[in-house]
Amino acid sequence: MKRVYNFSAGPSMLPLPVLERAQKDLVVYGDAGCSVMEMSHRSKPFAAIIENAEASLRRLMKIPDDYAVLFLQGGASMQFSEIPMNLARQGDTMLYAVTGNFANKAMQEGARWGNAVAVTTSKADGFHHIPKITADMLDQNAAFLHITGNNTVFGTTYNTLPETGKVPLVADWSSVILGKEIDVAAHDFIYAGAQKNMGIAGLTVVIMKKALLEREVDPIVPTMLRYKIAADNGSMYNTPPCFAIYMAGLVFEYLEQEGGLAVQEAKNRKKAELLYGVLDASPIFKNAVAEEDRSITNVTFTLPTEEETKAFLAMAEGRGMTNLKGHKVAGGCRASLYNGMPYEGVETLVECIKDFEQGLRK
Ligand SMILES: *Cc1c(COP(=O)(O)O)cnc(C)c1O
């Protein structure tokens, strides 16, 4: 069967050469005599896999030496709880920029642990812009400021980071990480679920200032949820998600071969510009996001009625484009344009949009 253009927000399309490489290695990995799925995480081949993956990610993202890289489990959602538990004592003040669905979920988990404060929200305009944040808006004694760098559901993004003063900046970059250059040194803490743009589900990557590992952690925090434990054990306090780490390693290696993140960013911008251009010129398709806050990886759009939305989605599906339906809290449509989505996929989508405008329905 032919591969479709899968516009899902995640899990999402992987670069074809990565899948083919995994296929080649699937039954027997190198001279290990077994597959990655069957090998001990304490074995030599796996030690090389995890070390190479970290080294490759460090080169790609230009991660400074005073940052730790952790390979964790539980998804980005687990970080909503783990961050408060490691960076704040119970009852401490933590600041949140509520710019969408996942930002809100993160704050709700923070509220279980301490005094989670919304410093700003874009709820009033349906999360269609990113409110500016300056240091004078922030309690300078807060444990951290949490932002959702790229709002997967509504299609907004931080093109400039907030000024935080001395408050550590924590960012959820799940849906754009490796899709553009991110200035790691401008953050104190970055996290991302791998299944959007780094690989497959089961792996969450944390990039954090090593100094934050020294913050005192309340005794109630479980061992498995302590960053220090993960860091001290090379992300292998227990069995790590071996295959997901291997897959991410293949993605990192592939992106390095392709020329790094500047190359991916240029490709992703080109895809996004093509789509936004057609949406902006359209009499019926609309994108409601403030132009300066538009995401290059998650493009949301609407049609005038529910019937037309359904008809468009069916037409797109018929042409080999899947998962264009918007997230249930946002409605409408959404095209996720991660690194694995080829330019031709966006051209096919744009053609479908234009044909729909002309009255075609298949
Ligand atoms: C998908 C997503 C999440 C949730 O990720 P899980 O790995 O499913 O927990 C959190 N934040 C953002 C920005 C996301 O896009």
Side-chain angles (χ1 to χ4, degrees), residues 1-13 15-16 99-101 122 124-130 150-157 159 175-176 179-180 196-197 264-362:
M1 195 186 163
K2 195 171 170 281
R3 279 174 62 78
V4 294
Y5 291 123
N6 175 10
F7 287 91
S8 171
S12 44
M13 286 185 88
L16 193 57
T99 53
N101 183 53
S122 50
D125 78 346
F127 298 118
H128 286 135
H129 82 289
I130 297 287
N150 190 74
N151 293 291
T152 324
V153 173
F154 296 94
T156 57
T157 205
N159 284 312
S175 49
V176 82
K180 70 170 190 183
K196 305 273 161 66
N197 206 22
Q264 293 306 316
E265 177 164 350
K267 282 188 183 176
N268 290 330
R269 287 199 184 281
K270 204 171 151 226
K271 288 185 285 182
E273 273 163 25
L274 173 63
L275 181 51
Y276 282 122
V278 169
L279 294 173
D280 287 346
S282 173
I284 53 171
F285 289 80
K286 292 270 170 288
N287 169 281
V289 172
E291 208 171 321
E292 67 276 16
D293 299 327
R294 284 173 166 182
S295 167
I296 58 168
T297 41
N298 305 105
V299 180
T300 53
F301 54 95
T302 54
L303 288 103
T305 66
E306 199 57 44
E307 287 70 47
E308 283 163 296
T309 308
K310 274 196 186 135
F312 173 72
L313 292 170
M315 177 171 164
E317 185 114 19
R319 293 180 175 202
M321 290 172 281
T322 62
N323 293 309
L324 281 161
K325 194 171 194 289
H327 189 281
K328 59 184 185 299
V329 307
C333 304
R334 171 178 56 181
S336 295
L337 314 177
Y338 301 127
N339 294 343
M341 174 60 65
Y343 189 75
E344 298 73 53
V346 186
E347 283 180 322
T348 309
L349 173 58
V350 156
E351 200 182 323
C352 187
I353 288 173
K354 287 181 178 166
D355 285 348
F356 191 89
E357 287 169 357
Q358 298 304 315
L360 286 184
R361 289 296 177 265
K362 66 178 195 229

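- Between E347 and E351, the closest side-chain pair of non-hydrogen atoms is not below 4.5 Å.
- Between the T297 side chain and the S175 main chain, a donor and an acceptor come within less than 3.5 Å of each other.
- Once rounded to the nearest 0.5 Å, the distance linking CG of L349 with CE of M321 reads 5.5 Å.
- Between the side chain of T348 and the backbone N or O of E344, at least one donor-acceptor pair lies under 3.5 Å.
- C333 SG to E308 CD: the interatomic distance, rounded to the nearest 0.5 Å, is 11.0 Å.
- At least one side-chain heavy atom of M315 sits less than 4.5 Å from a side-chain heavy atom of D355.
- Heavy atoms only, all atoms of each residue included: L324 and A316 are closest at CD1-CB, 3.6 Å.
- Other residues, nucleotides and ligands contribute more than 12 heavy atoms inside 6.0 Å of the NZ atom of K286.
- At least one side-chain heavy atom of I353 sits less than 4.5 Å from a side-chain heavy atom of F312.
- None of L337, I296, V176 except one satisfies the side chain to side chain contact (heavy atoms under 4.5 Å, CB included) rule with N268; the exception is I296.
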**Report entry** Criterion salt bridge (Lys or Arg N to Asp or Glu O under 4.0 Å) on E265 and R269, from CA distance to verdict
**Finding:** CA-CA 6 Å; E265 177 164 350; R269 287 199 184 281; 2.8 Å; yes

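- F356 is listed as a side-chain neighbour of I284, based on a closest heavy-atom distance under 4.5 Å.
- Counting heavy atoms of neighbouring residues, nucleotides and ligands inside a 6.0 Å radius, atom CD of E291 does not exceed 12 of them.
- Judged purely by distance below 3.5 Å, without hydrogens or angles, the side chains of N298 and Y338 pair a donor atom with an acceptor atom.
- Put simply, the side chain of R319 gets close to the backbone of K362: a donor and an acceptor are under 3.5 Å apart.
- Of the inter-residue distances, the one linking T309 atom OG1 with F285 atom CZ reads 8.5 Å to the nearest 0.5 angstrom.
- Here the rule is side-chain hydrogen bond (donor to acceptor under 3.5 Å, both in side chains) with T99, and of D293, N150, T157, N151 only N151 fits it.
- Residues A9 and S336 approach most closely at CA-OG, 3.2 Å, considering heavy atoms.
- Judged by the 6.0 Å and 45° rule, R334 forms no cation-pi pair with F301.
- Note on ring orientation: taking the six-membered ring where Trp is involved, the planes of F127 and F154 are tilted (angle from 30° to 60°).
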